[in-house]
Structure formats: C-alpha cells, structure tokens
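Input: a single structure, listed below in structure tokens.
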Amino acid sequence: MKYVDEFRSGELAKNISAKIKAAVDPERSYNLMEFCGGHTHAIFRYGIQDLMPDNIHFIHGPGCPVCVLPTSRIDQALYLLEHNDIILCSYGDLLRVPATDGKSLLKAKAGGSDVRMVYSTQDALKIARDNPDREVLFFAIGFETTTPASAIAIQQAADEGLKNFTLFCNHVLTPAAIQNILESPEVREIGSVSIDGFFGPSHVSAIIGSRPYEFFAEEFQRPVVIAGFEPLDVMQSTLMLIHQINEDRFEVENEYGRVVTRDGNQKAQKLVAETFELRPLFEWRGLGEVPYSALRIREKYKVFDSEQRFNIPKLHSKEIKGCECPTILRGAKRPTDCKLFGTVCFPENPMGSCMVSSEGACAAYWSYGRFRE
Ligand code: SF4
C-alpha cells in the first residue's frame, strides 16, 4: 500500500538500525519520550526496541486522549445521565474507562441510560436531527487532531438552528502538556525521570504544525523530532534525535514532512479559534491541574456548551486503588511496574484508562511487549 509498505521495509530498518548503533555514544544513555500513544504502539508492534542499542530508552508519555481524561469528567457525564433525559454520544474507547466506584458509561448503558457509540461528530448531529424532542450531548475528547471536527459540529449546529445539541468539551493541548512534564518535580527536582529528547506527535502536528514546539525546545533545551507513525518513521526520528543530542542541539526537526508543515493546517486552526478559547485550568489524569492546557466553547456558541446548558457539579472522584496510570502518564513508571498489570487488569477487564484505549501504554505492553521484561 502506497505510503505504508515503503515505511515498513525490513531491509531499510536494518540499515537505520546500523546507523543508530554507529551514532550512539556508548558512554551515555539516551532517554527519548514518545509523547503520543501511536508511537508507543509502533515501538512495540514492530519490535523497534529490539533494533536499538541498550542505551536507548523509550519513555512513554501522556499523548493518549482517553488516558489523560480524568475520572472526574466521566463521573460528571454519568451524573448528567442520571439527572437528565439525554442521549449521550461518545467514541467507543471512552465507554469502557472506569469511573468512580467501578462505574462506566458502558455499565450505565447496560443499566438503561441512552448512551450511543459514534464514529464522528456527524453521527452525533444526525442523532440530534433524528430526535428533536431529546437533548443530545456529544462527549468530546482529544488533542488538536479531533478538535476541528468538534468545531465543525458546533458551527453546523448553529447554521442549522439545532436546539437540542450540546458538546461536553474536553479537548486538550499538546504543547502545554509537554511543557508541564518538563516542569514536573520528577524531571526538574527529583531527577527520577530523565528526558533527553521528544518524538513530536504525528496527527496533532498535521493540524498545529511544528512551530508551537519551538518555544519549549529552546526554553527547556530539549530536541524535538516530529515523527510519523510507521516503524521507519520512528527509527529515522530516533537517529535524528541522537544526532541532535550528540551535537548539543535542541531544535525542532520534522521527519514527517510528507504530512506536517511548519504552520500546519491553517483552515482547521481558524475553525478552532473561532469556536473555542483557552480554559484557564483543566485537570489531566497524571498531570493534575494544568493552566491553559485545554479549550472551552466561546461565549458566541454557549448554547451548544453542555457545561452552560446543564448543571454539572464538581464531584469527588476516586481512582481505582493500585492503578498506576497517573505515574505512567508522567513517564515515571512503566506498565509492568503496576501490580495489577496482567493480574486483574487486562484489555477485557481494564482497571485504568491506559489499558482501555488502543493508544494506551498498558494496552501496548499487553498486546506486544509484556513477555519482554
Ligand atoms: S495495568 Fe491497569 S491498573 Fe495498572 S496502570 Fe495500567 S491500566 Fe492502571
């Protein structure tokens, strides 16, 4: 398949692997954080770690939208279902994420609540059009990749005069999260997490471009390489990061040039800017409350904002005891450090969000890497 097979060639992988082995300084280690869950899965699925020298360590970051959503937001969605006659639409992964006291949207559905799995915001709009007498709420999550689709849905609902559609906005921002990791005590004070460079996300960067990473590459003196999701993309990006680290450079380089530009998709950015504004504070699982790291719906579109239409209280949420997702999302632990991994927690019975999502680090370890360590 064009643009896929070329990036999965075993021969080319061996060549890049040899170049990486020749480039590394055996006297030091290279700790490289892949922000995005798509890269974590590529690393495990294609056995990339096996092609690396021992002193290259991949650290898994928080770039999985389902994983970083805090329990409190799912609890709030469940509260809305209990107290209002609504149809709640959500992407599939989110339905299985455990909330407080082992509840989940899927269990609420089994209990009679009207929860519907959708594949796009357009599905949710159609449900709203087909059910004019019911309130339809779209539970919107995701990084910059999925935000434009939410912006389009809100603008479309406004154009059509849809009165029964709202969006529960949980869209978050990548550069703010990376900055937060670099400012975390584990990295700055305790030094228990050492990060020498970052793989920049692929799809997010297709929207925002490579420019937004330039500030923190300079400020925190860490190199960033925007990497595609195929195995050769990840390997080539590893080589580019090693060259930068060896040469004491901290630049933003773009390996995924077939999709990502410096300025990104400006049409999508304009749509998002028209529809959303920065939230002063938003809670992330693992990172806590991060200033200006998420979006909310602009005043102009407030009639489509679930948080304006419904009374949504602050709730005291509880994490599953023993689940290490928060620490894993900060790169401070690995899935196999969790006592629940593979014992009571596995994809069919997830105890935490990192085992639910197809992009989660625990799911990647379970599917491809659990026998390695
Ligand atoms: S293995 Fe399960 S319980 Fe442990 S950190 Fe991962 S998701 Fe949480």
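Just so you know, ligand 1 is whichever comes first in the structure, and atom 1 is the first atom listed for that ligand. Because the structure is a prediction, the values reported are computed rather than measured.
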Return the closest protein heavy atom for atom 6 (Fe) of ligand 1 as residue, atom name and distance. C362 SG, 2.3 Å
At what distance is the nearest protein heavy atom to atom 8 (Fe) of ligand 1, and which residue and atom is it? C323 SG, 2.4 Å
Does a salt bridge link E319 with R285, judged by any charged N lying under 4.0 Å from a carboxylate O? yes
At the 4.0 Å heavy-atom cut-off, does P350 count as touching ligand 1? no
If we check side chain to side chain donor-acceptor pair (under 3.5 Å) with T275, which of these qualifies: K300, K270, R298, Q155? Q155
The test is ring pair (Phe, Tyr, Trp, His ring centres under 6.0 Å); show your working for Y365 and F44 and say whether it passes. CA-CA 7 Å; Y365 267 62; F44 280 101; 4.5 Å; yes
Under 2.8 Å from atom 2 (Fe) of ligand 1, is there any N, O or S atom belonging to C345? yes
Starting from atom 5 (S) of ligand 1, find the nearest protein heavy-atom neighbour and note its residue, name and distance. E324 N, 3.2 Å
Distance under 4.0 Å to a non-hydrogen atom of M351: what atoms of ligand 1 satisfy this? 3 (S)
Looking only at protein heavy atoms, which one is nearest to atom 4 (Fe) of ligand 1, and what is the separation? C338 SG, 2.3 Å
Is a donor on one side and an acceptor on the other found under 3.5 Å between the side chain of R211 and the backbone of T261? no
For I328, the ligand 1 atoms with a heavy-atom partner under 4.0 Å come out as 5 (S)
Enumerate the atoms of ligand 1 whose separation from the nearest heavy atom of L340 is less than 4.0 angstrom. 3 (S)
Would a distance-only check, ignoring hydrogens and angles, find a side-chain to backbone donor-acceptor pair under 3.5 Å from K103 to I74? no
Give the atom numbers and elements of ligand 1 that come within less than 4.0 Å of a heavy atom of M355. 7 (S)
For ligand 1, which atoms sit closer than 4.0 Å to a heavy atom of G352? 7 (S), 8 (Fe)
Measure from the side-chain N and O atoms of H41 to the backbone N and O of G360, and report whether any donor-acceptor pair falls under 3.5 Å. yes
Any side-chain to backbone donor/acceptor pair from D337 onto R334? Under 3.5 Å, distance only. yes
Candidate list K314, K302, R73, test salt bridge (Lys or Arg N to Asp or Glu O under 4.0 Å), partner E307, passing option: R73
Per-atom contacts, ligand 1 versus F341 - under 4.0 Å to a heavy atom: 1 (S)
